[in-house]
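Owing to the predicted nature of the structure, the values given are computational and were not obtained by experimental measurement.
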Amino acid sequence: MERKTLHKFSLGLVIVVVLSLLGLNPHSALAGDTDDDEIPLIAPIRTSPEGQTYGRWAAEWWQWVLGIPAVVNPLTDTTGEDCAQRQVDAVWFLAGSPSSDPVVRNCEIPAGKSLFFPLINNFFGAFLNDPPEQRTEAFVREQGSCTEPAQISVRIDNFNVPRPLRFFTGASGSQSPIFNVQLPPGNVFGVDETIVPELVLSPSAEQGYYLFVRPPSPGTHTIRWNASGCQSPEFSQDVTYHLTVVGGPKH
């Protein structure tokens, strides 16, 4: 894998969650051009759901997805059997796909878990042996930024989330911090320490569009997303999750 390809990595996703099963009125919750604080299901971009900003969750999402070996990585999973890998605490991460091919996954999650996922995003991680000028915050932020207009449609249940481009982890939204990534052996890049010293990407930066969805109610939910742009005009996503939320009272 070329160094340029390894440093940068983008993927995306657009979501569909069944709102009628969440006990929400779809017409009042997501109809029209409402403000994000008027959508009970989704945390507003400038809040700190579960104690962290969108930007902080985005950095943690990248650490999560790049820290899982390729053989069980939710990114490369085509069925959903690996969706529970390294899920901890109150927030459950969902993954997109490294390709533009359609993906359908079936996933069981515990009740009471919020969902966090990228609509479409971009990443850049420096190697420890990169030249000093390529390991500055300014450089990695520039390389990890969204440079192409994003096209996003987010569908939750049978209606659209209004204005999904506002859920942005750039300076105009909820900027993510600079962070480090520890790659595992057998990582999704297929590299070892002869290519990436200590398997560490540091410093790393990202930028993209995300949603933080509050806990869906027990039962079955269908989540789908489509998106393109950000890092590349050619890259797109078509991902569907069939979720089963288990435990807790049913509505």
Side-chain angles (χ1 to χ4, degrees), residues 7-15 17 35-37 39 41-67 74-75 86-87 89-98 114-126 135-154 156 161-182 188 201-214 223 225-233 235-237 239:
H7 281 78
K8 300 190 77 170
F9 194 63
S10 68
L11 38 97
L13 58 167
V14 177
I15 301 276
V17 182
D35 293 331
D36 51 355
D37 59 358
I39 306 173
L41 182 64
I42 299 171
I45 182 63
R46 290 182 176 84
T47 62
S48 296
E50 292 294 338
Q52 295 192 149
T53 64
Y54 265 69
R56 177 66 68 177
W57 281 118
E60 192 168 313
W61 183 91
W62 279 107
Q63 292 171 326
W64 167 75
V65 79
L66 296 181
L75 278 178
R86 288 188 62 190
Q87 302 284 4
D89 299 327
V91 179
W92 192 282
F93 293 131
L94 300 180
S97 172
S114 296
L115 306 176
F116 185 82
F117 46 84
L119 304 173
I120 197 159
N121 56 357
N122 189 28
F123 168 87
F124 182 90
R135 300 192 66 241
T136 67
E137 177 175 349
F139 183 85
V140 298
R141 281 201 185 278
E142 179 183 10
Q143 296 298 310
S145 65
C146 289
T147 58
E148 298 290 336
Q151 301 293 324
I152 302 173
S153 61
V154 184
I156 301 185
V161 172
R163 297 182 289 121
L165 292 177
R166 61 191 149 148
F167 297 98
F168 185 51
T169 57
S172 62
S174 175
Q175 189 171 48
S176 56
I178 297 298
F179 56 98
N180 300 329
V181 170
Q182 178 66 61
V188 293
L201 301 177
S202 175
S204 297
E206 73 80 45
Q207 196 172 96
Y209 304 88
Y210 297 79
L211 283 184
F212 189 104
V213 177
R214 297 185 174 106
I223 302 177
W225 55 90
N226 295 277
S228 62
C230 185
Q231 193 270 335
S232 168
F235 184 74
S236 64
Q237 295 279 273
V239 180

Side chains of [X] and [Y]: does their closest heavy-atom pair fall under 4.5 Å?
X      : Y      : value
Glu206 : Trp61  : no
Phe123 : Val181 : yes
Tyr54  : Phe168 : no
Gln182 : Ser202 : no
Glu148 : Ser232 : no
Trp57  : Pro49  : yes
Pro164 : Tyr209 : no
Tyr210 : Phe167 : no

- Task: Determine, step by step, whether Gln87 and Trp64 satisfy the side chain to side chain contact (heavy atoms under 4.5 Å, CB included) criterion, reporting the C-alpha distance in whole Å, the side-chain angles of both residues, the deciding distance to 0.1 Å, and the verdict.
- Result: CA-CA 8 Å; Gln87 302 284 4; Trp64 167 75; 3.5 Å; yes
What distance do [X] atom [atom1] and [Y] atom [atom2] have between them, rounded to the nearest 0.5 Å?
X      : Y      : atom1 : atom2 : value
Ser97  : Leu75  : OG    : CG    : 7.5 Å
Leu94  : Leu115 : CG    : CG    : 5.0 Å
Gln143 : Gln207 : CD    : CD    : 12.0 Å
Thr136 : Glu142 : OG1   : CD    : 9.0 Å
Ile45  : Thr53  : CD1   : OG1   : 8.5 Å
Arg141 : Phe124 : CZ    : CZ    : 13.5 Å

How far apart are the closest heavy atoms of [X] and [Y], and which atoms are they?
X      : Y      : value
Thr169 : Ala58  : CG2-CB, 3.9 Å
Ala150 : Ile120 : CB-CG2, 4.2 Å
Ser172 : Arg46  : O-NH2, 2.6 Å
Val239 : Ala95  : CG1-O, 4.3 Å
Gln231 : Asn122 : CG-OD1, 3.0 Å

- Answer yes or no: are there more than 12 heavy-atom neighbours, outside Arg56 itself, under 6.0 Å from its atom CZ?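 Check fails, neighbour count at 12 or below.
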- Task: Mark yes or no for whether Ser114, through its side chain, and Val91, through its backbone, hold a donor-acceptor pair below 3.5 Å.
- Result: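 Flag not set: sc Ser114 to bb Val91 has no pair under 3.5 Å.
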- Query: So, does Ser174 use its side chain to make a donor-acceptor pair with the main chain of Gly55 at under 3.5 Å?
  - Reply: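 Yes.
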